[in-house]
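Below, chains carry the letters A, B, ... as their sequence lines are ordered, and counting in each starts from 1.
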2 protein chains.
Amino acid sequence: MAVDQLDAVFAALADPTRRAILARLAQGEANVAELAEPFPISQPAVSKHLRVLEGAGLISRAARGTARYSRLEAEPLRRADEWMQSYKRFWSESFDKLDAALAAYLREPVESHEPPVDGPVIDTPREDTP
Amino acid sequence: MAVDQLDAVFAALADPTRRAILARLAQGEANVAELAEPFPISQPAVSKHLRVLEGAGLISRAARGTARYSRLEAEPLRRADEWMQSYKRFWSESFDKLDAALAAYLREPVESHEPPVDGPVIDTPREDTP
DNA sequence: CCCTTTCGTAACCGAACGGTTTTGATAACC
DNA sequence: GGTTATCAAAACCGTTCGGTTACGAAAGGG
């Protein structure tokens with residue numbers, strides 16, 4: 001139910017054009033032409049993106065005259081962020097140590113009494129910002 | 001550069017199977033068979049999901065014997081969360097009041113479906129453009 | 001040695017995605 | 001009333017996605 005919406009929200013956020021549209025709408029509502037202006041794509045393409053964003057609940061739309069104004073709706077973002085909270089401990093400083101200990105503990109029962117022979121079992125590939 | 005990685009992270013999170021895999025890995029590393037167990041899909045399908053997650057940097061993998069253990073890497077999640085921070089004010093308490101006031105101010109004779117509000121391009125309440 | 005377990009890769013398939021061009025509806029302007 | 005501006009819908013196209021089946025490599029265990 002709510003999980004399904006997360007699908008749509010994350011899928012919507014996966015496209016850089018749509019994220020840029022959201023960034024634009026964070027500064028205030030805009031019509032389709034205004035939203036399409038920064039992008040080298042056609043107007044129908046932008047309309048499609050808006051339909052995706054609307055389907056994910058990330059924007060709402062209202063017609064005023066011939067124009068259709070889009071407005072940012074942050075509630076789905078709040079839910080997506082809420083989902084991420086469960087993982088925040090994994091990138092917090094305090095967890096790094098706990099994680100190391102826990103991982104070491106979990107590593108043992110897997111292969112009961114085998115000497116850690118071949119290679120580094122689980123190394124920590126720290127590849128920050130290549 | 002870094003934006004590209006956000007694409008991959010959000011795209012990876014858009015699939016419920018992959019989110020479930022991450023949830024499982026939050027409890028400790030696991031091999032492919034263990035990760036595949038809860039799902040009614042084939043092992044190669046799970047391998048594909050793992051490859052997507054690895055491509056997004058959300059997991060790292062290491063071989064131990066014939067097994068290949070996956071491990072949660074939360075750094076991309078941190079970056080995705082960081083991206084969301086720019087929008088947090090839109091669902092925060094203080095913004096709700098500001099939004100309500102602004103909406104009331106901008107209210108005009110408009111018939112729309114959801115929010116009965118709109119106006120010409122709003123002024124940015126604060127400047128925090130990503 | 002063989003044989004099993006574990007897993008990745010390749011080839012394929014249908015559906016969804018992101019884009020296009022074309023067309024049409026509708027409100028606003030002269 | 002005719003024209004223009006704004007935008008959505010439809011039809012189409014190439015690519016990606018999520019799944020399958022079939023096969024192969026490689027590490028252990030008997």
[X] side-chain N/O to [N] phosphate OP1/OP2 under 4.0 Å:
X       : N      : answer
B/His49 : D/dC17 : no
A/Arg64 : C/dA27 : no
B/Ser42 : D/dT20 : yes

Which residues share a salt bridge (charged side-chain N to carboxylate O under 4.0 Å, His left out) with B/Arg78, sequence neighbours left out: B/Glu75, B/Glu82
Tell me, please, which residues at least two apart from B/Asp15 pass salt bridge (charged side-chain N to carboxylate O under 4.0 Å, His left out).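 Applying salt bridge (charged side-chain N to carboxylate O under 4.0 Å, His left out) to B/Asp15 gives none.
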The criterion is side chain to side chain contact (heavy atoms under 4.5 Å, CB included); which residues satisfy it with [X], sequence neighbours excluded?
X       : result
A/Ser86 : none
A/Ala74 : B/Phe90, B/Trp91
A/Ala56 : A/Ala8, A/Val9, A/Ala12, A/Leu58

Length of the CD-P vector between B/Glu54 and C/dG8, whole Å: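 Answer to the nearest Å: 9 Å.
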Can you tell me the distance, in whole Å, between the CZ atom of A/Phe39 and the P atom of C/dT20? 13 Å
Let me know, please, whether A/Pro40 or A/Gly65 comes out on the 5' side of the other along DNA chain C by nearest nucleotide.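 The residue mapped nearer the 5' terminus is A/Pro40.
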Check ion pair B/Arg64-B/Glu29 (N to O, under 4.0 angstrom): yes
All N/O pairs under 3.5 Å across the protein-nucleotides 4-13 of chain D interface:
unit_1 : atom_1 : unit_2  : atom_2 : d
D/dT6  : O4'    : A/Thr66 : OG1    : 3.4
D/dC7  : OP1    : A/Val32 : N      : 3.2
D/dC7  : OP1    : A/Arg68 : N      : 3.1
D/dC7  : OP2    : A/Val32 : N      : 3.4
D/dC7  : OP2    : A/Ala33 : N      : 2.9
D/dA8  : OP1    : A/Arg61 : NH2    : 2.3
D/dA8  : OP1    : A/Arg68 : NE     : 2.9
D/dA8  : OP2    : A/Ser47 : OG     : 2.2
D/dA8  : N7     : A/Gln43 : NE2    : 3.0

